[in-house]
Amino acid sequence: MAGPLPLGDPAPADGRLPADLRLDPDAAFSAYLHVPFCRVRCGYCDFNTYTASELRGARQDAYADTLIQEIALAREVLAERGPLRPLSTVFFGGGTPTLLPAGDLGRMLGAAIDAFGIVDGAEVTVEANPDTVTPAVARELADAGVTRMSIGMQSAVPHVLAALDRTHRPENVRTAVDAARAAGLAVSVDLIYGAPGESLDDWRTSLETAVGLDPDHLSAYALIIEDGTKLARQIRRGEVPAPDDDLQADMYELADSVLSDAGYDWYEVSNWARRPEGGAADQRSRHNMAYWRGTDWWGFGPGAHSHVAGLRWWNVKHPAAYAQRLAVGESPAAGTERPDADAAELERILLRSRMAEGLPLADLGPDARTRVAGLIADGLVDAAAALRGSLVLTLRGRLLADAVVRALTD
Ligand SMILES: C[S@@+](CC[C@H](N)C(=O)[O-])C[C@H]1O[C@@H](n2cnc3c(N)ncnc32)[C@H](O)[C@@H]1O
Ligand code: SF4
């Protein structure tokens, strides 16, 4: 089940925040609610998620009530430290949140809103597997306050879906998108490129099919081979080929060209939103932008990570251990850390340099700033944006984003 948690320091059993931590009452505040259940595990996935046989007594039908206990704890801990901040964004991720009844998701959302309040026009996203979305589910979620659905499409090509071990029927993606839209939800679709046996033409088919669904937002991720997954074992045994970096780079360039021709702008290396023309709404994921900008969020659920005023902590991973902690009135946090200034700068560069809004050059230390001219000369960083004071990646820079970060931080 996913890699080990970071080490960090032990977290206090009562969940209290360090006395010297200064919370900013005006900073935005978000909530991530993890739902750690999947019907089957996809061969490539190492998210903290469990199928029925892996639950070791944890009960899916009691999950909403357990998570609501963590919401009560969070309210108590934060109320002690100043005025509570209303939620700017809420994100149900997984796992497969839509494996739970919509009523359970609605109850968790209601509890979070009762505890903290919510800003007008807040973004509330639910991740969904295409097979689990019906018109009734989408309507019930919208009635509960959900505003956006992120659908795991991955590919439109049957042999690629099979290589990824996806069990959903490709035609259900359209059904799920139509259901979400009819309920008034904004729609995002997730795609993966570089699966074993996937050609550039297969990828073009998936991109064109995705664009044909007219979503408000798309994410396209290069397939990552995670240790411990079935796919990693298949590659190690030589049963399937490892992803080819050059082909994945061509696939990224194709994605950017198909999506930008269809009216989508990149705003983070793996994310595109419909161009807001003629006063249309901005469709960028505000929740993900909150992460990348380093604002405050509380992550609820097993294995979820939180970040408040520079302090990070993470919960125990297994849903059974998570429920046991909360049942005896203890915080589910397993560990905590307070990154020093160097670690915080590295993380800021890592996240902000991947965004189209860019990393303010003024935020770079003197050493890093001297390297920007070389990155411009190599065609990795946009010269005009740099003149305006921001580091923004070019298309070539987006393909080599990790190398740019290394050049700035080594
Ligand atoms: C946690 S999943 C949630 C969506 C839902 N469970 C589903 O898969 O239909 C979020 C997204 O992460 C991406 N993802 C998961 N594992 C990945 C991997 N190893 N490489 C690239 N993308 C991955 C997939 O695109 C997936 O839709
Ligand atoms: S459905 Fe989503 S979370 Fe579940 S195993 Fe597949 S990719 Fe991972």
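Read the numbers this way: they start at 1 and go in the same order the structure lists the ligands and their atoms. The first residue of the sequence shown is numbered 1, and numbering continues consecutively from there. Computed from a predicted structure; not experimentally measured.
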Task: Centroid-centroid distance, Trp203 to Tyr193, less than 6.0 Å - done: yes
TODO: Distance to 0.1 Å, residue and atom name: give those for the protein heavy atom nearest to atom 11 (C) of ligand 1.
DONE: Asp190 OD2, 3.3 Å
TODO: Indicate yes or no: does an N/O atom of Tyr221 lie under 3.5 Å from an N/O atom of ligand 1?
DONE: no
Task: Closest protein heavy atom (residue, atom, distance) for atom 1 (C) of ligand 1 - done: Gly94 O, 3.0 Å
Task: Sphere of radius 2.8 Å around atom 6 (Fe) of ligand 2 - protein N, O or S atoms inside - done: Cys42 SG
Open item on the list: Show me which atoms of ligand 1 lie under 4.0 Å from any heavy atom of Thr96.
Closed with: 6 (N)
Task: Side chain, backbone, both or neither: Cys38 near ligand 1, heavy atoms under 4.0 Å - done: neither
Open item on the list: Out of Phe37, Phe47, Phe92, who is nearest to atom 14 (N) of ligand 1 when you count heavy atoms only?
Closed with: Phe47
Task: Residue Leu223 vicinity, atoms of ligand 1 by number, heavy atom under 4.0 Å - done: 20 (N), 21 (C)
TODO: Examine the side chains of Thr175 and Asp178 and answer whether a donor and an acceptor come within less than 3.5 Å of each other.
DONE: no
Open item on the list: For Trp272 and Tyr252, take the angle between the two ring planes, folded into 0 to 90°, and tell me which bin it lands in: parallel under 30, tilted 30 to 60, perpendicular over 60.
Closed with: tilted
TODO: If you have a sec, work out which protein heavy atom is nearest atom 17 (C) of ligand 1 and how many Å separate them, to one decimal?
DONE: Tyr44 CD1, 3.6 Å
Open item on the list: Taking the cut-offs as 6.0 angstrom to the six-membered ring centre and 45 degrees off its axis, would you call Arg352 and Trp292 a cation-pi pair?
Closed with: no
Open item on the list: Applying a heavy-atom cut-off of 4.0 Å, say which part of Ser150 lies close to ligand 1: side chain, backbone, both or neither.
Closed with: neither
TODO: Determine the interplanar angle of the Phe116 and Phe29 rings, folded into 0 to 90°, and report it as parallel if under 30°, tilted if 30 to 60°, perpendicular if over 60°.
DONE: perpendicular
Task: For atom 21 (C) of ligand 1, closest protein heavy-atom neighbour - done: Ala222 O, 3.4 Å
Open item on the list: Under 3.5 Å between any N/O of Ile224 and any N/O of ligand 1: does that happen in this structure?
Closed with: yes
Task: Asp65 bridged to Arg107 by N-O distance under 4.0 Å - done: yes
Task: Residue pair Leu161 / His168, side-chain heavy-atom distance below 4.5 Å - done: yes
- [ ] Could you tell me whether Gly95 and ligand 1 have an N or O pair separated by under 3.5 Å?
- [x] yes
Task: Polar side chain donor-acceptor pair, Glu70 to Trp298, under 3.5 angstrom - done: yes
Task: Any donor-acceptor N/O pair, Thr205 side chain to Asp201 backbone, under 3.5 Å - done: yes
TODO: Could you tell me whether a side-chain N or O of Arg371 sits under 3.5 Å from a main-chain N or O of Ala407, the two making a donor and an acceptor?
DONE: yes
Task: Distance-only N or O hit between ligand 1 and Gln154, under 3.5 Å - done: yes
Task: Nearest candidate to atom 7 (C) of ligand 1, where distance is taken over non-hydrogen atoms, out of His168, Arg166, Glu127 - done: Arg166
TODO: Specify the protein heavy atom at minimum distance from atom 23 (C) of ligand 1: its residue, its atom name, and the distance to 0.1 Å.
DONE: Ile192 CD1, 3.8 Å
Open item on the list: Does the plane of the ring in Tyr291 sit parallel, tilted or perpendicular to the ring in His287? Use 30° and 60° as the thresholds.
Closed with: perpendicular
Task: Exercise: do Tyr267 and His217 side chains pair donor with acceptor under 3.5 Å - done: yes
Open item on the list: Within ligand 1, which atoms have a heavy atom of Asn129 less than 4.0 Å away?
Closed with: 9 (O)
Task: Aromatic plane relationship, Trp297 with His307 - under 30° parallel, 30 to 60° tilted, over 60° perpendicular - done: tilted
Task: Those residues that, when tested against Arg204, pass side chain to side chain donor-acceptor pair (under 3.5 Å) (two or more places apart) - done: none
- [ ] State, yes or no, whether a side-chain contact exists between Arg81 and Leu21 at a heavy-atom distance under 4.5 Å.
- [x] yes
- [ ] Looking only at protein heavy atoms, identify the closest one to atom 3 (S) of ligand 2 and say how far it is in Å.
- [x] Gly95 N, 3.3 Å
Task: Ligand-residue contact atoms, ligand 1 with Ala128, heavy atoms, under 4.0 Å - done: 9 (O)
